[in-house]
Number of protein chains: 2
Amino acid sequence: MVKTIELVDGVVKMLDQTRLPREVVYVDCKDYQMVARGIKDLWIRGAPAIGIAASMGIAIGAREVRADSFDEFMNGLEPVFRTLLATRPTAVNIQWAVDRTRKLLDERKDRPIDELKTFLIEESLRVLEQDIEINKTIGKWGSQFIKDGDTIITHCNAGSLATGGYGTATGPIRAAVEQGKKIQVYADETRPVLQGCRLTSWELMQDNIPVTLITDNTAGAILYNGEINLAIVVTDLTVANGDVANKIGTYPLAVLCRENGVPFYVAAPLSSIDFSIPTGDLIPIEERGPEEVTHVFGCHIAPEGVKVRNIAFDVTPARYVTGIITEKGVFRPEDLHRLNEPGVDLEAIMLKAE
Amino acid sequence: MVKTIELVDGVVKMLDQTRLPREVVYVDCKDYQMVARGIKDLWIRGAPAIGIAASMGIAIGAREVRADSFDEFMNGLEPVFRTLLATRPTAVNIQWAVDRTRKLLDERKDRPIDELKTFLIEESLRVLEQDIEINKTIGKWGSQFIKDGDTIITHCNAGSLATGGYGTATGPIRAAVEQGKKIQVYADETRPVLQGCRLTSWELMQDNIPVTLITDNTAGAILYNGEINLAIVVTDLTVANGDVANKIGTYPLAVLCRENGVPFYVAAPLSSIDFSIPTGDLIPIEERGPEEVTHVFGCHIAPEGVKVRNIAFDVTPARYVTGIITEKGVFRPEDLHRLNEPGVDLEAIMLKAE
């Protein structure tokens, strides 16, 4: 399994994903500024992976702070927090890492500074481990729906590279392989940024999981031909009614799956579910600049000056979703809100493979 | 309107579409070998345009044949036919041009050779004119479904560049503009070969028809948002039951249109309808090499050695098609076969805008 990020001997080793699949280069980030640059310049991406990078950036940033008191230490951490938060303003996982650090340190304000510094290093390693643990649990729950011989389609990259390791959408795929099931994967290339082409197909090839790359346009034909048994994608944000926001192109894939009787699963760590948003039409959708559409790997492919709509995400209504795979089990989208009910019997509402 | 191909003073002037949208270069083809090279190297593409190029290639090839008798003339034409037919073995329009030439010459075998040579030049100009005429008629019939203020989505390129001019799928769009309707067009980029990006958006920009370029993945979101009033695409081959084969990605677009209540029209010159094939599942579907998926404009974007499925066309079942726009009128796919019935009252089965 490809390592996305590590913290070894006080150095954050980060795979520069912008060079994939052409080059496999790990950058040694020896200070928090370099970690921030890696987040900003997209060496690392994917919500869980960004959260891990931010935690590690805070830990190696804290090491350099000279402080004789807790308040001085917290003051010294401010530039670290600010620099990391400024890298990608919409990445909620950086804010999560900062808030979590403040809270954990506040609970330990009477401890020696050196102990706090060591604690932050250990804590960032725990964040990494916990992420992998969550993904493995998602993998275990999801893999029950994958049968020996199945062909799975996925979109974008929600693999090792987007997480601490193992991957969310690739979790059930890896678990199925570990269970000895012979499976194959179709990876949508995922225009405009080609994460499926550059990252998903590359990472599955590294682990000898049979993968076939297709253009996004081709998913319809192979679904219609009956060549696909199930789809698994990830989600950037799932809301209370089970509507799912994810990379542009997810909604068309879900519609095509339902039209052809193919189950459509969404791997959703609980951290990606916002129960305070009732329905998907309330999710703000980011539209980005034209360059990702008009250029590929720096190569200009479109007419000069053409008008472009570059919508980064779409919302898949719950009615197209067969099951939402969380670390607590797999649930029908309409049952998702019940995870929040006190004393709910999860076992009773869980989706299970026949 | 962009000129795709012309025959002026015995020279075939062909727009080299492989250089679009970066450069607008017309190549002067002074002999049939150069015309053949243009077809082979995809300077010109699109079934109608290839048929026109072949007719013009035959005409300027015939001019160079030295013959004292009809049989000698026909023998002299053989290398011209052979060279053109060898360029793109699956392009039925080249075979059509050759067969048509043989037939027309055979009907005139007692005429002087010089007269036949002039006849072939004139004939190739008529092929061009007739193609434009058919497209304008398709445009007229189709434009009734386009209202002032409408937004239209299209896929691939079925515009001027794929035809003698005016275009098939763009026919109704151009006709609506000529009628003073204010419309705008969304063009799917159409991976892998990006005809929508490189050709459709470019050609509409040349004629100041408002066009917005999107990735193929984005069509779903804008249809779901209610931003599209109708879709118009072309067809490579439509069969008796109204099933439609066209560029990969057409079927997903049709499914998304129906799912969102958006009418889906197919512009189909009668020459593209094969009534001898009963249903779409009998249409052979070309799968091509991986390079179109792994490379964009010569730039390698995919992991080295990745397995690829590059399906060139898909079949859209008739149930997703609102109307088929021919030069005889617009028909429901289930009524298409009736065009072949002797004495059928076309007026009675025609689809009309409300």
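Every value quoted in this text rests on a predicted model; they were computed, and no experiment measured them. Chain A is the first sequence line, chain B the second, and so forth, proteins listed ahead of strands; every chain is numbered from 1.
Atom-to-atom distance recorded for A:Tyr224:OH and B:Thr316:OG1 is 9.0 Å, nearest 0.5 angstrom. A:Arg309 CZ to B:Thr215 OG1: the interatomic distance, rounded to the nearest 0.5 Å, is 11.0 Å. Atom CG of A:Leu213 sits about 7.5 Å away from atom CD1 of B:Ile301, to the nearest 0.5 Å.
Comparing A:Ala221, A:Ala219, A:Cys197 by how many heavy-atom pairs each has under 4.5 Å with chain B, the most go to A:Cys197. Of the residues considered (A:Val296, A:Thr190, A:Ile311, A:Leu256), A:Leu256 shows the highest number of contacts with chain B, using heavy-atom pairs under 4.5 Å. Residue with the most contacts toward chain B among A:Arg22, A:Glu304, A:Arg198: A:Arg22 (heavy-atom pairs, distance under 4.5 Å). Interface summary for chain A: among B:Leu204, B:Asp314, B:Val293, B:Thr212, the most heavy-atom pairs under 4.5 angstrom belong to B:Thr212. When the candidates A:Asn217, A:Asn225, A:Leu199 are compared by the number of heavy-atom contacts under 4.5 Å with chain B, A:Asn217 comes out ahead.
The heavy-atom pair separating A:Pro252 from B:Gly220 by the smallest distance is CG-CA, 4.1 Å. Between B:Pro21 and A:Pro303, the shortest heavy-atom distance links the atoms CG-N, 3.4 Å.
Residue contact with chain A, scored on non-hydrogen atoms closer than 4.5 Å, is absent for B:Pro210. For B:Glu227, the part lying near chain A is the side chain, with the backbone staying farther off; criterion is any non-hydrogen pair under 4.5 Å. At a 4.5 Å heavy-atom cutoff, the contact between B:Gln184 and chain A is made by side-chain atoms alone. Within the 4.5 angstrom heavy-atom criterion, only side-chain atoms of A:Leu194, from C-beta onward, approach chain B. Contacts between B:Glu292 and chain A at a heavy-atom distance below 4.5 Å are absent for every atom of the residue.
A donor-acceptor contact closer than 3.5 angstrom is absent between the side chains of B:Tyr251 and A:Glu259.
A 4.5 Å side-chain heavy-atom check between B:Arg191 and A:Asp216 finds every atom pair outside the cut-off.
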